[in-house]
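Letters A, B, ... mirror the listed sequences (proteins, then strands); counts begin at 1.
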Amino acid sequence: MTSLPPRPGSTTTQPLRPASPAPRTVQRSWAGVLRQELFASRGDGLVSVLLILLILASAVGLLRWAFGQAQWAVIQVNTTLFAVGRFPIEQQWRLWLLVVLVAALSGTSWGLLRAFPRADRSGELWPFNDRLAVALLGFLAAWLPAALALGFPLQLRWWAITGLLVAMRWIAGHWGRSWPPRLLKLVSLGWPLLYLFGMVLIAGGLGMSRVSPSNWGGLLLTLLMASFAILLSFPIGVVVALGRRSSLPLLRWSSVLYIEFIRGAPLITLLFLGQNILGYMLPGGWAPDRVWRAAWVLTFFCGAYLAEAVRAGLSAVPPGQLEAARSLGLSMPQALQRVVLPQALRIALPAAVGQFISLLQDTTLLSLIGLLDLLGTARTVMANPEFLGKNAEVYLTLAVLFWCCCAALGLGSRALERRLDPTHSPA
Amino acid sequence: MPSSQPMIEARGVQKWYPNGFHALRGVDLSVSKGEVVVIMGPSGSGKSTFIRTFNALEEFQEGSISVDGIALSNDLRNIDAIRCDTGMVFQQFNLFPHLTVLENLSLAPVVVRKRRRSEVEAQAMALLERVGIAEQARKYPGQLSGGQQQRVAIARSLCMEPRILLFDEPTSALDPEMVGEVLEVMRNLAADGMTMVVVTHEMGFAREVAHRVVLMSEGQIVEEAPPETFFTNPQHERSRQFLAQIL
């Protein structure tokens, strides 16, 4: 804290001091750091050497396999299958359009996030992390299409899409502050609108031909199921958490019943059960086929766990907050919406994101009820005699894909947490 | 000077907590417009519970209370009307930590009174100026000292333009060196003619600012007198004991 430069707007007056010696920073050489961190004592050194050898050995083995023995043709040939399953080729432009829209909106939101830093901070327009992220995106755009042996037109498309994202990040970051409020409101409305429009692009409608859910597959199906369950489980979780704390007995007991029923059964059981009975439980047309039934089971499953996370958040908000809001004349719904829930949800955020990450991974169970999500697609590919025995290549690819998705969720939630933390100092 | 127009009329208020504890045993109090009433008493005597009944943060089972001519009943519209007219300042400040100081002040006027945000913010800045912390308007409560937070809390109540202010031990959670700045703000409010009911142990404030001091003990009012009489010549044995303990 002592070395902080005075912030603009801070009122503490710095007492005039005689020229003090510059703070001494201990300059240590790399070798010095290494010696101190890894080889401080004989025992430390032994552990370090053993671990380094172990890591090197396995890394060398993995790399030798990946670039020598492994035959990546199984991925290269089936790229489309892994990405979108059996989505009809002549309709795939709809998915490209969706990717373009997502990239444009992501770039815009990202830029606006930097253009409008928190009221109490002076945010940097291009912080180190952002420059790193752009560099990483550039590398992926250059390397991945080539590694997947995509044709040149496809490579070009990915470069254009990455370029679009970075360009929108640039434009929104630099000029977002001067955009009219109506445009800014449109951007924040853009995400829910895009989700609905994305559904139409995927499923059909608005004059586009229908693509049956049984033709959705691969990463498309996995992301669709996960995002559907995450988005819809959120309101369910909030309502059920409030219900569990309600003073109305019927509401309270049905909330408890719902939570305990869901949490008391393994997801795979619920998925099989859902295939058989959800048609009777939901209004007609809500769960027309296997994919939608599975989506609703995932949603209700996630909702129950989320309700418990939100409930923990609600009990962590001091009762004085509600009293203060009520004493100012806010009605109960206003007090919940403006004062209690924002704080409770911020507290519940890490637990909720943990839940979302495990939900994303749980979508692999869909392959067990016969859906062609990422894992289901992988199993059909590996069952193909042409690619027999290529399990390692396929599973490693799957693991990396899931790892990337979960890392993105985790990074995003941590950034959100920092932005919402009222006590986090900018240093 | 207080007028004779009554702002708070409490008659025979009785309250039992759900566990059976008899917290208020028939309390009568009337507060006139522009009057400053200080309520003192040992902890557990029911003084906080009593002022929290004025804006329906606590229920009571028997008796009647009317605030600014509106009877407190189970009618939600009455309760909301009273809460809009009655500001409350809490021991623990209870600022909204996820909102900036300015947003803390403007939330209720915008949401409840449906006023324009720009107009409310101008008023809020003027109030922050008045309590001496206008330069902190864009900070979050967690970045402020206790004394500053309590001054924000007072400004937040004032932003609803209340006719009565209730203070529930406003300085008890503060470090000693910050008590003065909060009392100063309260003193100015009293001088401006605000009707105030203050639960506090600050003898100096009571002596200097209060028109009347009320001593509560075990859910009842034991003594009610102007400060000069109360501190120099208390009539009741219980008051003498209390004063001996805190002096």
Side-chain angles (χ1 to χ4, degrees), chain A residues 1 4 6-13 116-123 181 184-185 247 313-314 316-349 416-427, chain B residues 51-52 54-58 76-77 79-113 132-144 148 153 156-162 165-166 168 173:
Chain A
M1 288 302 283
L4 274 181
R7 286 204 301 280
S10 81
T11 53
T12 49
T13 45
F116 292 92
R118 265 170 55 158
D120 60 332
R121 294 188 205 155
S122 55
L184 294 174
K185 198 166 267 179
S247 53
L314 284 172
V317 177
Q321 291 290 313
L322 185 61
E323 285 181 357
R326 301 286 277 152
S327 79
L328 285 166
L330 272 72
S331 68
M332 195 64 171
Q334 287 170 337
L336 283 177
Q337 183 202 342
R338 305 290 185 137
V339 173
V340 177
L341 275 177
Q343 298 182 55
L345 293 183
R346 197 199 74 71
I347 298 168
L349 187 66
L416 191 62
E417 235 175 289
R418 269 200 305 278
R419 195 176 168 90
L420 297 180
D421 184 356
T423 52
H424 178 78
S425 68
Chain B
I51 72 162
R52 285 160 58 91
F54 297 167
N55 62 351
L57 286 184
E58 300 278 357
L76 285 175
R77 277 167 310 175
I79 291 178
D80 284 345
I82 286 176
R83 280 176 176 157
C84 287
D85 271 356
T86 313
M88 185 169 230
V89 176
F90 299 85
Q91 181 177 359
Q92 300 295 341
F93 328 137
N94 293 349
L95 292 178
F96 307 134
H98 61 300
L99 302 177
T100 63
V101 166
L102 195 57
E103 290 164 345
N104 262 278
L105 265 66
S106 46
L107 177 70
V110 169
V111 171
V112 181
R113 295 225 198 268
I133 34 179
E135 71 280 1
Q136 317 279 8
R138 309 252 163 221
K139 288 194 181 171
Y140 286 85
Q143 297 165 316
L144 269 50
Q148 291 173 325
R156 179 176 70 176
S157 298
L158 291 175
C159 216
M160 283 293 278
E161 297 168 340
L165 268 185
L166 308 173
D168 189 1

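- Put simply, the side chain of A:M332 reaches to within 4.5 Å of the side chain of A:L322, judged on heavy atoms.
- The shortest distance between side-chain heavy atoms of A:L328 and B:V112 does not fall below 4.5 Å.
- For B:L95, the part lying near chain A is the backbone, with the side chain staying farther off; criterion is any non-hydrogen pair under 4.5 Å.
- The greatest number of non-hydrogen atom pairs below 4.5 Å with chain A, out of B:D80, B:N55, B:L107, is found for B:L107.
- For B:R52, the part lying near chain A is the side chain, with the backbone staying farther off; criterion is any non-hydrogen pair under 4.5 Å.
- Nearest heavy-atom pair, B:P141 versus B:L99, reported as atom, atom and distance to 0.1 Å: CD-O, 3.1 Å.
- In this structure, B:R113 contributes its side chain and B:M160 its backbone to a donor-acceptor pair below 3.5 Å.
- Between B:R83 and B:L57, some side-chain heavy-atom pair lies under the 4.5 Å cut-off.
- At a 4.5 Å heavy-atom cutoff, the contact between A:Q321 and chain B is made by backbone and side-chain atoms alike.
- Contacts of B:F96 with chain A are made by both backbone and side-chain atoms, with heavy-atom separations under 4.5 Å.
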